[in-house]
Amino acid sequence: MALNARLDHRNPLVFDTHELGRRPGALQRLTRTVDAPKDFGIKEVIGVPEGTPVELELRLESVMEGVLVTGTARATAEGECVRCLEPVEQQLEADFQEMFSYPDADDRGRPVAEPGDDAEDDEDRLFVEDGLIDLEPVLRDAVVLALPMQPVCREDCPGLCTECGARLADDPDHHHDAVDIRWAALQGLADTMKDGEKDEMSGAEAEAGVDEKQEK
């Protein structure tokens, strides 16, 4: 989070920490139900649909260097089975913990003269901005880690028939007679030879008929 970013207190995922103050050990517990933001999950695989409720249980604790947030998010995720392509619905529970640092304190909570000198470190840290913290990036990471990369409708889902695409769970006895292409080629050769033998036999029979007529 950029140090000079302006957070909107009207955003349901932005929380006010002013009540905690900067007294180490101060504690605040919160519960809140918010609407899921856009693209909340693993894109094109499974995720929490935009606008559906996400229940949050939070514990905000003031420490020397900032505010430590511990919480759990609960929601219903929707996706598609990777085996049979049927819709999948899963109850999601994602736990998370994140430190939001005061921009004017180092890792030991001591004031620093020029915050943000180490830009690389700042990119990996989240900060308290004017007493506000934004939980959206934390929740996104937690949700992605809690969701399956390959969701299935059931653990033993047999998937789809590779021949015709039929859903195998609907017809456990579904099958196709397997034909080995190597034997198919030999079979074709055998059929050709049989046709040749038939032609030879037909020719021989015709010649025999002519000879019989000549003898008579």
Side-chain angles (χ1 to χ4, degrees), residues 1-2 5-17 27-61 66-101 122-129 131-176:
M1 181 188 299
R6 290 295 179 180
L7 300 181
D8 186 352
H9 69 277
R10 295 168 297 182
N11 184 331
L13 290 175
V14 171
F15 290 80
D16 192 331
T17 68
L27 185 67
Q28 186 178 14
R29 296 183 184 275
L30 300 172
T31 59
R32 182 180 294 183
T33 299
V34 301
D35 292 339
K38 186 178 179 180
D39 300 328
F40 205 49
I42 305 172
K43 190 174 182 180
E44 297 182 356
V45 179
I46 188 171
V48 181
E50 183 179 3
T52 58
V54 179
E55 297 178 1
L56 301 176
E57 292 184 6
L58 305 174
R59 180 176 183 270
L60 280 61
E61 183 179 1
V67 177
L68 179 64
V69 180
T70 305
T72 300
R74 297 183 179 88
T76 301
E78 298 178 3
E80 190 177 79
C81 177
V82 296
R83 297 179 188 171
C84 70
L85 308 183
E86 287 293 303
V88 172
E89 188 174 282
Q90 177 177 320
Q91 297 305 308
L92 167 72
E93 183 170 308
D95 297 323
F96 55 90
Q97 185 175 72
E98 189 67 45
M99 170 65 70
F100 288 81
S101 302
D122 288 346
E123 288 179 0
D124 297 331
R125 297 170 64 187
L126 297 174
F127 292 89
V128 179
E129 294 292 330
L132 302 176
I133 59 175
D134 183 7
L135 279 186
E136 184 170 336
V138 177
L139 286 177
R140 285 190 181 278
D141 291 345
V143 166
V144 169
L145 290 175
L147 288 171
M149 295 296 293
Q150 295 187 318
V152 292
C153 58
R154 67 186 201 196
E155 290 299 326
D156 60 346
C157 174
L160 301 176
C161 174
T162 57
E163 295 279 339
C164 65
R167 188 168 181 262
L168 298 178
D170 297 333
D171 183 9
D173 297 326
H174 180 87
H175 71 281
H176 296 270

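Keep in mind that this is a model prediction, so the values were computed, not measured. Values reported hereafter were calculated over all heavy atoms of this structure, with side chains retained and with hydrogens, waters and symmetry mates removed.
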Residues forming a side-chain hydrogen bond (donor to acceptor under 3.5 Å, both in side chains) with E50, sequence neighbours excluded: none
Listed partners of E86 passing side chain to side chain contact (heavy atoms under 4.5 Å, CB included), at least two apart: C84, R167
With Q150 via side-chain hydrogen bond (donor to acceptor under 3.5 Å, both in side chains) - residues at least two apart: none
Side chain to side chain donor-acceptor pair (under 3.5 Å): pairs with one or both residues in residues 32-49, sequence neighbours excluded: none
side-chain hydrogen bond (donor to acceptor under 3.5 Å, both in side chains) against T52, all qualifying residues, sequence neighbours excluded: none
Results of salt bridge (Lys or Arg N to Asp or Glu O under 4.0 Å) for E55 - residues two or more places apart only: none
Side chain to side chain contact (heavy atoms under 4.5 Å, CB included) against E89, all qualifying residues, sequence neighbours excluded: T76, E78, Q91
Given L58, D134, V67, L132, the one that forms side chain to side chain contact (heavy atoms under 4.5 Å, CB included) with F15: L58
Set of side chain to side chain contact (heavy atoms under 4.5 Å, CB included) partners for A73, sequence neighbours left out: V54, L56, F96, L139
Separation of H9 NE2 from E129 CD (nearest 0.5 Å): 16.0 Å
Stepwise side chain to side chain contact (heavy atoms under 4.5 Å, CB included) check, V69 with V138: CA-CA 10 Å; V69 180; V138 177; over 6 Å; no
With D16 via side-chain hydrogen bond (donor to acceptor under 3.5 Å, both in side chains) - residues at least two apart: H18
For T70, the option from E98, Q97, R59 that meets side-chain hydrogen bond (donor to acceptor under 3.5 Å, both in side chains): Q97
Listed partners of R10 passing side chain to side chain contact (heavy atoms under 4.5 Å, CB included), at least two apart: D8
